[in-house]
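Only one structure is covered here, and it is reproduced in the block below.
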Amino acid sequence: MPDRPRVFVTRNLPGDALGLLRQTCEVAVWPDQLPPSPDDLRREAATTHGLLTLLTDHIDATLLAAAPNLIAVSNMATGYDNIDVADASRRLVLVSRTPGVLTETSADLAFGLLLAAARRIAEGDRYVRAGNWRTWGPEIMLGPDVHGATLGIIGLGRIGAAVARRAAGFGMRVLYHGRSRNTQAEKEVGAAYADLDALLAQSDFVSIHAALTDDTRGLIAARQFGLMKPSAILINTARGPLVDHDALYEALRSGEIAGAALDVTDPEPLPADSPLLALDNVVITPHIASASIATRSEMARLAADNLLTSLAGAVNDNAVNTEIAGDWRAAAAARLHS
Ligand code: GLV
């Protein structure tokens, strides 16, 4: 039996998360800025009891098959589409995530991107730096008003509802669409349910907050852009593949919609020759919605805490495959001894 569980962390983390893990575990940390390659990750996973992963790490069937002692994967993200949860469950590996702690910070950025795209903030900055600002001009850098406009939110979960609360401060009308109606949030944030087509047709801004699943991949594609107003702006802070990027480029280029603001893309990062990068009516940030100092430290701490709870044989509150709990406990105890 090892004295202490072995843990592999796929990048250096902010805050005291590594210190917390080191109190009871043997901790190895991937030292580079870039993620470990699939081979590197497989090699590390082969001997580890716990993995602390990021959304850039693909925890797929090949990796899980090569990790016989693995007890738990703790993802430092609220999304977990980088993990094959079905296969993890088959192999009795508990998967957890870090919801809740990043809600407000992520909503701040989503709303900031909405403002940036509408009021051409990034474009204006480029204009000034390029030496083009010669005078105050009555027709320079005009954009739509945000206050009083209609915001369509796709996915009224925690972050979507936090964006709706911000929209209320701007006097916006809020529509939402989701897998199911969220009547409590409807009342709390004053959002009205609409089917997706109606939401797309009526909204001045459409902000995506849905999880990426087989059902939502390509949710916004050519037909959906065709339904949107020519003045509409799309904001995506959820996952890149929710939007068909070829269709997005075409909609932005042809004026089918007015603009977009993306914190997530498909792929990430965008290749340097992506045509989207040549368009002025798109604002792109490098997947930083949760990137405040306090929130990233809190996400790391929660991911460490989730992992430690799992390694102690208990199902943590943020586990996503709790249905395996019974068999998992027995498997986890046996794996700790190997
Ligand atoms: C970030 O995208 C997250 O899922 O936490």
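Both ligands and their constituent atoms are indexed starting at 1 by order of listing.
Distances between N or O atoms of G79 and those of ligand 1 include at least one value under 3.5 Å.
Heavy-atom proximity to H287, at under 4.0 Å, picks out these atoms of ligand 1: 1 (C), 2 (O). Taking a cut-off of under 4.0 Å to the non-hydrogen atoms of A77, the atoms of ligand 1 that pass are 3 (C), 4 (O), 5 (O). Atoms of ligand 1 lying under 4.0 Å from any heavy atom of L55, numbered from 1 in the order shown and given with element: 1 (C), 2 (O).
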What pairs of donor and acceptor atoms, side-chain ones from residues 139-147 against any protein atom, are under 3.5 angstrom apart with sequence neighbours left out?
none

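Summarising the geometry, atom CG belonging to L156 is positioned 11.5 Å from atom NE2 belonging to H177; distances are rounded to the nearest 0.5 Å.
When hydrogens are left out, the protein atom nearest atom 5 (O) of ligand 1 is T78 N, 2.8 Å; that is the closest non-hydrogen contact.
By the 4.0 Å heavy-atom criterion, M76 is excluded from the residues contacting ligand 1. Assignment of R97 to the shell around ligand 1 is not supported, since no heavy atom sits closer than 4.0 Å.
Considering every non-hydrogen atom in both T295 and V101, the closest pair reads CG2-O, 3.6 Å.
Under 4.0 angstrom from ligand 1, the non-hydrogen atoms of L102 all belong to its side chain. If you look at V264 next to ligand 1, there are no close heavy atoms at all, none under 4.0 Å.
Exactly one of D266, D81, D263 qualifies for a salt bridge (charged side-chain N to carboxylate O under 4.0 Å, His left out) with R239. That residue is D81.
More than 12 heavy atoms of other shown residues, nucleotides or ligands fall within 6.0 angstrom of atom CZ in R42.
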Begin from the C-alpha positions of R129 and D125 and carry the test salt bridge (Lys or Arg N to Asp or Glu O under 4.0 Å) through to its verdict.
CA-CA 6 Å; R129 289 172 198 268; D125 180 77; 2.7 Å; yes
For D280 and R126, what are the C-alpha separation, side-chain angles and deciding distance, and is it a salt bridge (Lys or Arg N to Asp or Glu O under 4.0 Å)?
CA-CA 10 Å; D280 263 335; R126 286 196 297 275; 3.1 Å; yes
